[in-house]
Chemist: 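Sending over a structure as structure tokens; questions will come in a sec.
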Amino acid sequence: MTEKHYLDKLNMLLEHIEDPKQKQHYFRLISTLLEKGYFPGLAEVPIVKSSISHIDGEKGLLTYRGYPVEELASNCSFEVVSYLILNGDLPLEAEEEKLRGKLLDNIYIPDDVATLICNFNRKLHPMNMLSAAVLLLEAHDKGSADVDNHFENLSRSIKLIAKIPTIIGTFLTGNPQFNRGKQFKTFAEYALFCFNPKLANDSDYVKMFEESLILHMDHTMNNSTFSARAVGSAKAGIYALISTAINSLSGPLHGGANERVVQTLEKIGSAAQVPVHLENSLEHHQKIMGVGHRIYKTYDPRAKYFKEFILPKIFGDPEQVKNENPPLWNLYDTAIAMEKYVQERLGKKNLYPNVDFWSGLFYKALGVPTEYFTTIFAMARSVGWLAHWMEQQESAGKIYRPYQLYAGFDTRHIVK
Ligand code: COA
């Protein structure tokens, strides 16, 4: 078949689809299938119908249940946005308070789990620690094997979201009692306390931290959400599912990029060294961490929010930061140079900084150790993972079981 015939045939097949965007999407999918026989990285393959979040990659738009993420971050609390994501609509004030109460009533972890966390090898990466600790909680929740009751699932989800900051703080401080008896007004204050008790007294920092959590809460069918859904589709319980999602998120191509961005900035050393370093990386076909995205073809709106609304509150007075914390200023200065260089060099390939490019600088300014950055991402994204899990349990979903093209030996036999 000539190329023209092939295109005509495809267009004829898709004739009945009116939405031009959808038509283009199916066109690309069919072309990929005909060309390769499978879908590398499942790119563009629709695997589920979901109403939790939406990305328009051309416009740089991210919405949760229809609301743009920037509006939610600047106007709402962690509790309001969690309620929205988990339940589908914004809460009344009393519902927000009820959720806040339930979260703050469930922050402590069982003593044996706290002791085990403190006895973990200190060399364990905090993301692996978090994944293991979440699994340990299962022993205290025997009813969790039953995943078919929505109200139980919702209640269990809230209790698990509540515990994640305490798990992280227990490992970070090595003290199982580190937050016992403390009174917190909000989830964001409690969560920031687990990383920096001093800053948790500063309402401006609590607000910024809350915004950063909201920006990370959900992001359509990303790798960790897909992993969570895959485990959930086998009817495994909440602890197995979240533990798996944390492992996926830890990867450098996913949430683990935030840690690598700051490591890269430290390695580059100064703004002047940016061009040499980046050219060297590109020459060796190394990915630049914190750059690029499967869906965004323009600036990631979460990265934009960090850059325009959060970081200026910290770096807005250069002289002050330079005097008080020269290494932090140097990182920021290097990041600005790197962003400019990346946009000039890679913008034509639609590669822009993503959320992980800027978030690490914020966590650094909070005094969070670099290897803990992705745990903050996980504590926020747990809300999205659990909303997806509940959505999945309620739709008559099938177990995830895709197909492979076998490329190995024909049947062969042991020769005796
Ligand atoms: N640095 C340099 N080049 C990059 C790049 C990066 N960070 N990300 C993508 N590219 C290039 C690829 O080399 C490829 O170029 P080619 O077509 O000339 O071969 C092209 O862009 C497509 O990249 P690909 O890896 O196929 O895109 P993807 O959709 O599969 O991957 C990411 C998306 C996010 C995994 C990828 O951009 C990446 O690895 N980024 C760095 C890690 C990161 O920041 N992850 C956090 C995401 S929020």
Side-chain angles (χ1 to χ4, degrees), residues 25 28-29 31-32 35-36 38-47 53-58 60-62 69 127 212-227 245-265 267-268 274-307 335 337-363 370 373-378 380-381 384-385:
H25 182 189
R28 284 196 301 269
L29 272 176
S31 305
T32 304
E35 187 193 330
K36 298 191 194 296
Y38 72 110
F39 301 101
L42 288 177
E44 300 205 68
V45 177
I47 57 136
S53 59
H54 170 66
I55 301 173
D56 184 323
E58 309 291 330
L61 175 75
L62 167 63
V69 73
M127 284 296 277
S212 81
L213 293 177
I214 292 170
L215 293 174
H216 284 92
M217 274 188 188
D218 199 45
H219 210 228
T220 75
M221 204 44 55
N222 57 85
N223 191 280
S224 54
T225 302
F226 174 78
S227 305
I246 291 166
N247 291 330
S248 152
L249 188 70
S250 72
L253 299 189
H254 193 10
N258 57 15
E259 177 182 336
R260 270 79 175 185
V261 170
V262 166
Q263 286 162 349
T264 305
L265 293 172
K267 197 166 144 206
I268 295 175
V274 164
V276 178
H277 182 93
L278 291 197
E279 285 310 323
N280 189 37
S281 298
L282 293 174
E283 203 177 302
H284 291 91
H285 304 287
Q286 286 163 355
K287 292 257 179 82
I288 298 163
M289 290 292 113
V291 171
H293 200 273
R294 175 66 62 78
I295 311 285
Y296 293 118
K297 298 301 161 219
T298 180
Y299 215 98
D300 175 339
R302 304 163 303 167
K304 195 161 177 251
Y305 195 97
F306 266 107
K307 187 184 161 197
M338 186 159 153
E339 187 214 23
K340 191 162 173 274
Y341 200 81
V342 162
Q343 285 191 269
E344 282 166 12
R345 185 73 167 73
L346 301 173
K348 56 182 174 300
K349 281 181 87 176
N350 284 336
L351 293 170
Y352 297 90
N354 57 52
V355 68
D356 297 316
F357 187 85
W358 293 114
S359 64
L361 277 170
F362 174 58
Y363 304 146
T370 309
F373 288 179
T374 318
T375 64
I376 303 178
F377 194 154
R381 185 57 61 83
W385 292 329

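All ligand and atom numbering here is 1-based and tracks the order in the structure. Note that the structure is a prediction, hence the values are computed from the model and not measured.
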Chemist: Should the pair Arg345-Glu279 be classified as a salt bridge under the 4.0 Å nitrogen-to-oxygen rule?
Modeler: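 Result for this pair is yes, salt bridge flagged.
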Chemist: Considering only protein heavy atoms, which is closest to atom 36 (C) of ligand 1, and at what distance to one decimal place?
Modeler: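 Checking every protein heavy atom, the shortest distance to atom 36 (C) of ligand 1 gives Lys287 NZ, 4.0 Å.
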Chemist: Would you please indicate if the ring centroids of Phe226 and His254 are separated by under 6.0 Å?
Modeler: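 Here the rings of His254 and Phe226 have centres that are no less than 6.0 Å from each other.
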Chemist: If the contact criterion is a heavy-atom separation under 4.0 Å, does Asp356 count as touching ligand 1?
Modeler: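 The answer is yes, since Asp356 has a heavy atom less than 4.0 Å from ligand 1.
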Chemist: Given side chains that start at C-beta, do those of His216 and Ser359 come closer than 4.5 Å, heavy atoms only?
Modeler: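 The answer is yes, as the side chains (C-beta and beyond) meet within the 4.5 Å cut-off.
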Chemist: Would you mind listing which atoms of ligand 1 come within a distance below 4.0 Å of any non-hydrogen atom of His254?
Modeler: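 The list of qualifying atoms is 45 (N), 46 (C).
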Chemist: Take a 6.0 Å sphere around OH of Tyr38 and say whether it holds more than 12 heavy atoms from other residues, nucleotides or ligands.
Modeler: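 No, the 6.0 Å shell around OH holds no more than 12 heavy atoms from other groups.
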Chemist: To check you understand the geometry: which heavy-atom pair defines the closest contact between Pro252 and Ala257, and what is its length?
Modeler: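 Heavy-atom minimum between the residues: O-CB, 3.3 Å.
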Chemist: List the closest protein heavy-atom neighbour of atom 33 (C) of ligand 1: residue, atom name, distance to the nearest 0.1 Å.
Modeler: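 Answer for atom 33 (C) of ligand 1: Arg294 N, 3.8 Å.
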Chemist: Output the distance between atom CG (Leu253) and atom OG (Ser248), rounded to the nearest 0.5 Å.
Modeler: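 Between atom CG of Leu253 and atom OG of Ser248 there are 10.5 Å.
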Chemist: Using heavy atoms and a 4.0 Å limit, tell me yes or no: is Ala43 in contact with ligand 1?
Modeler: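 For ligand 1, residue contact (heavy atoms, under 4.0 Å) with Ala43 is absent.
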Chemist: Around atom 34 (C) of ligand 1, find the nearest protein heavy atom and jot down its residue, atom name and distance.
Modeler: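 Here the closest protein heavy atom is Gly292 O, 3.7 Å.
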Chemist: May I ask you to check whether His219 and His293 place their ring centres under 6.0 Å from each other?
Modeler: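 When the ring centroids of His293 and His219 are compared, they turn out to be within the sub-6.0 Å range.
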Chemist: Is atom 22 (C) of ligand 1 near the protein, in the sense that some protein heavy atom lies at less than 4.0 Å from it?
Modeler: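 Protein heavy atoms within 4.0 Å of atom 22 (C) of ligand 1 - there are none.
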Chemist: So, taking the atom named OH in Tyr299 and the one named CG in Asn354, what distance separates them when rounded to the nearest 0.5 Å?
Modeler: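 Rounded to the nearest 0.5 Å, the OH-CG separation comes out at 9.0 Å.
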Chemist: Measure Lys349 to ligand 1 on non-hydrogen atoms and call it side chain, backbone, both or neither using the 4.0 Å cut-off.
Modeler: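 For Lys349, only side-chain atoms sit under 4.0 Å from ligand 1.
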Chemist: Short list, please: which atoms of ligand 1 are under 4.0 Å from a heavy atom of Ala257?
Modeler: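 Counting atoms of ligand 1 from 1, those under 4.0 Å from Ala257 are 43 (C), 44 (O), 45 (N), 46 (C).
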Chemist: Could you go through the side-chain contact (heavy atoms from CB on, under 4.5 Å) check for Lys304 and Trp358 one step at a time?
Modeler: CA-CA 9 Å; Lys304 195 161 177 251; Trp358 293 114; over 6 Å; no
Chemist: When you measure from atom 3 (N) of ligand 1 to each heavy atom in Leu351, Ile288, Val291, Asn223, which option holds the nearest one?
Modeler: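 Selected option, by shortest heavy-atom distance: Leu351.
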Chemist: Report yes if some N/O of Asn354 lies less than 3.5 Å from some N/O of ligand 1; otherwise report no.
Modeler: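 Yes - when backbone and side-chain N and O of Asn354 are compared with those of ligand 1, one distance drops under 3.5 Å.
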Chemist: Would you mind telling me which of Leu61, Leu62, Asp218 makes a side chain to side chain contact (heavy atoms under 4.5 Å, CB included) with Val69?
Modeler: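 In the set Leu61, Leu62, Asp218, the residue that makes a side chain to side chain contact (heavy atoms under 4.5 Å, CB included) with Val69 is Leu62.
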Chemist: Counting only heavy atoms on the protein side, is anything nearer than 4.0 Å to atom 31 (O) of ligand 1?
Modeler: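 Looking at atom 31 (O) of ligand 1, one finds that no protein heavy atom lies closer than 4.0 Å.
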Chemist: Hey, is atom 16 (P) of ligand 1 under 4.0 Å from any protein heavy atom?
Modeler: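 It does; a protein heavy atom is within 4.0 Å.
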Chemist: Could you tell me whether ligand 1 has any atom less than 4.0 Å away from a heavy atom of Gly290?
Modeler: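 Within the 4.0 Å threshold, so yes.
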Chemist: Nearest 0.5 Å please: distance from the CD1 atom of Ile288 over to the CG atom of Leu351.
Modeler: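 Atom-to-atom, Ile288:CD1 and Leu351:CG are 8.5 Å apart.
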Chemist: Is there at least one protein heavy-atom neighbour under 4.0 Å from atom 19 (O) of ligand 1?
Modeler: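 No, no protein heavy atom sits under 4.0 Å from atom 19 (O) of ligand 1.
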Chemist: Counting only nitrogen or oxygen atoms and a 3.5 angstrom limit, does Leu253 reach ligand 1?
Modeler: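 Min N/O separation from ligand 1 is below 3.5 Å for Leu253.
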Chemist: Just to confirm, does any protein heavy atom lie below 4.0 Å from atom 27 (O) of ligand 1?
Modeler: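 Neighbour list for atom 27 (O) of ligand 1 is empty of protein heavy atoms (cut-off 4.0 Å).
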